[in-house]
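Let me begin by presenting the structure, written as structure tokens, before commenting on it.
Quick note on labels: first sequence line is chain A, next is B, and so on, each numbered from 1. As the structure is a computational prediction, the values presented were derived from the model and not from experiment.
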There are 4 protein chains.
Amino acid sequence: MQFDDKVPIYYQIKNYLYHEMLTGQLTPGAKLPAIRQLAVDLTVNVNTVQRALGEMITAGIVTSKRGKGNFVTTDTARLAQLKEQLTMEQLERAYEQLHALNLTDDEIIAGLKQYIAQRGQQHD
Amino acid sequence: MQFDDKVPIYYQIKNYLYHEMLTGQLTPGAKLPAIRQLAVDLTVNVNTVQRALGEMITAGIVTSKRGKGNFVTTDTARLAQLKEQLTMEQLERAYEQLHALNLTDDEIIAGLKQYIAQRGQQHD
Amino acid sequence: MQFDDKVPIYYQIKNYLYHEMLTGQLTPGAKLPAIRQLAVDLTVNVNTVQRALGEMITAGIVTSKRGKGNFVTTDTARLAQLKEQLTMEQLERAYEQLHALNLTDDEIIAGLKQYIAQRGQQHD
Amino acid sequence: MQFDDKVPIYYQIKNYLYHEMLTGQLTPGAKLPAIRQLAVDLTVNVNTVQRALGEMITAGIVTSKRGKGNFVTTDTARLAQLKEQLTMEQLERAYEQLHALNLTDDEIIAGLKQYIAQRGQQHD
DNA sequence: GTGGTCTAGACCACA
DNA sequence: GTGGTCTAGACCACA
């Protein structure tokens with residue numbers, strides 16, 4: 001995995017794991033990979049993974065069972081709420097950034113459509 | 001100005017100044033505010049502003065004239081290119097993040113439209 | 001049984017068993033539940049129970065008879081002393097903690113009375 | 001400072017600092033000692049102090065200012081709430097522990113009064 | 001095997 | 001000077 005050096009790594013790991021949950025790679029109740037395994041896979045220190053996990057535990061998305069591992073919450077309402085929240089955050093940030101570049105609302109939507117169309121061509 | 005504490009401040013200042021240029025607050029050839037003034041306005045240390053400026057100079061967007069101050073480049077093609085580049089970066093990142101949240105292309109566009117509509121209501 | 005995850009589980013098990021003895025669930029000379037049974041009841045690993053028992057044996061509160069099991073000491077003076085000691089420890093800690101929160105002696109007593117009164121209402 | 005080795009050190013540091021705030025050693029808006037200084041004073045690693053601080057920041061009791069230090073919140077309502085919460089937690093735990101030792105409500109109150117009286121003699 | 005805590009030490013961003 | 005992040009490595013509690 002590639003990390004953006006402008007943002008803390010633990011923060012990116014947290015987002016990465018959230019994405020895994022929201023896209024069904026990690027289903028509710030599923031066991032997360034062992035912390036040490038994640039550290040190896042992401043070529044990152046164990047403590048860094050732990051910090052990401054710690055925040056997810058505090059947020060109620062992950063529960064830790066002593067000696068057994070970390071597990072995705074089975075509270076699907078909580079997961080749905082997380083998805084909603086992350087989506088809104090992304091939309092808000094993207095909109096504000098593009099708006100700041102002096103694009104009108106219509107230009108922003110048009111730009112996005114165009115981007116997706118182009119991308120489609122490249123990836124097909 | 002509000003700073004996101006997950007991203008280096010100098011980096012956010014750079015973006016802020018780019019935006020000023022692209023939205024016409026700072027026209028080609030215009031003199032940038034004095035570094036010390038910027039530091040005061042942004043309630044930030046002088047060193048931090050200096051770092052942001054340094055990167056803009058390296059990128060050829062700002063030229064520094066000894067004893068006179070810093071100026072926006074008069075190379076309008078360079079500015080247009082910058083806008084294009086920043087726009088694409090934003091679109092790409094937004095798309096990838098939302099895609100990672102398991103939204104389809106259509107859902108992303110619909111979500112953005114909806115976000116803009118909602119926002120319009122709030123701000124009108 | 002609920003465990004406080006800030007304190008070692010073996011330590012909490014030890015306290016739990018002491019309480020059983022002091023409240024008469026486990027009388028002097030009584031046989032303790034089998035280690036494996038305790039582990040199941042407390043949903044805890046056998047090793048963890050064993051560790052708690054080990055410390056109680058060292059403290060002279062429990063005696064182990066090979067092949068027969070573990071038994072509460074018949075030394076009632078020892079048990080009385082244990083109760084006295086645990087009570088004082090609790091009082092001391094509670095007092096110090098509340099004192100550290102800037103409560104006066106009178107406020108501490110008043111607070112405790114109030115807490116008990118409230119609790120009585122809830123549980124009646 | 002003496003640490004109880006049954007509870008995480010960062011946890012005890014957090015409580016220690018909370019107490020400092022509630023007893024007026026650290027007033028609202030006051031600057032906390034530098035992290036490195038705290039680490040030296042408490043003969044503990046910098047990271048351990050930072051972990052305690054991190055939780056206080058998340059809880060909204062402390063705010064961090066880049067390059068300047070950490071400060072007690074000026075939100076006195078938040079501080080009052082914290083005191084209330086910590087007091088209740090202490091009372092609840094003390095009560096339950098003593099209750100578990102087979103003391104009646106009256107015995108608990110009497111025991112506390114007696115403890116305070118004894119203590120008064122010792123300390124006068 | 002699995003997570004939790006802590007240390008020593010380094011490097012960076014910011015004032 | 002002051003805080004934030006990360007690493008390497010150790011030791012412990014628990015299953």
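Every side-chain contact (heavy atoms from CB on, under 4.5 Å) that C/Gln97 has, sequence neighbours left out, goes to C/Arg93, D/His19, D/Gln90, D/Arg93. Remark: B/Ala34 engages B/Gln37 in a side-chain contact (heavy atoms from CB on, under 4.5 Å) (not counting sequence neighbours). Scored by the side-chain contact (heavy atoms from CB on, under 4.5 Å) test, B/Thr23 finds A/Asn102, B/Gln25 as partners (sequence neighbours excluded). Under the salt bridge (Lys or Arg N to Asp or Glu O under 4.0 Å) criterion, A/Glu84 pairs with no residue, sequence neighbours left out. Looking at residues two or more places apart in sequence or on another chain, you find a side-chain contact (heavy atoms from CB on, under 4.5 Å) between B/Thr73 and B/Asp75, B/Leu79. Partners of B/Lys14 according to the salt bridge (Lys or Arg N to Asp or Glu O under 4.0 Å) rule, which considers only residues two or more places apart in sequence or in another chain, are B/Glu55.
A ring pair (Phe, Tyr, Trp, His ring centres under 6.0 Å) check over residues 31-57 of chain A, counting only residues at least two apart or in different chains, returns nothing. Applying the ring pair (Phe, Tyr, Trp, His ring centres under 6.0 Å) test to pairs two or more places apart or on separate chains, those with a residue in residues 37-96 of chain A are A/Tyr95-A/His99, A/Tyr95-B/Tyr115.
For the pair A/Val44 and C/Asn47, nearest-nucleotide mapping onto DNA chain F gives the more 5' position to A/Val44. Toward the 5' end of DNA chain E, the nearer of the two residues B/Val46 and A/Arg36, judged by each one's closest nucleotide, is A/Arg36. Residue whose closest nucleotide on DNA chain E sits further toward the 5' end, between D/Arg66 and C/Asp5: C/Asp5.
For the pair C/Phe3/C/Ile13, a side-chain contact is recorded, criterion being any heavy-atom separation below 4.5 Å from C-beta on.
Other residues, nucleotides and ligands contribute more than 12 heavy atoms inside 6.0 Å of the NZ atom of D/Lys31. Atom NZ of C/Lys6 is surrounded by more than 12 heavy atoms from other residues, nucleotides or ligands within 6.0 Å.
Residues C/Gln85 and C/Glu89 have side chains that bring a donor and an acceptor to within less than 3.5 angstrom of each other.
The stretch residues 50-57 of chain B has no heavy atom under 4.0 angstrom from DNA chain F at all. At a non-hydrogen distance threshold of 4.0 Å, C/Pro8, C/Ile9, C/Tyr10 from residues 6-15 of chain C come into contact with DNA chain F.
Taking a heavy-atom distance under 4.0 Å as the criterion, the stretch of DNA chain E touched by chain B extends 5' to 3' from E/dA13 to E/dA15.
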Exercise. Would you write the dot-bracket representation of DNA chain E, where each base gets (, ), [, ], | or . depending on whether it forms a Watson-Crick or G-U pair under 3.5 Å and with which partner?
Key: ||||||||||||||.

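Side chain of D/Gln12 to main chain of D/Val7: a donor-acceptor pair is present (N/O by atom type, distance under 3.5 Å, no hydrogens or angles).
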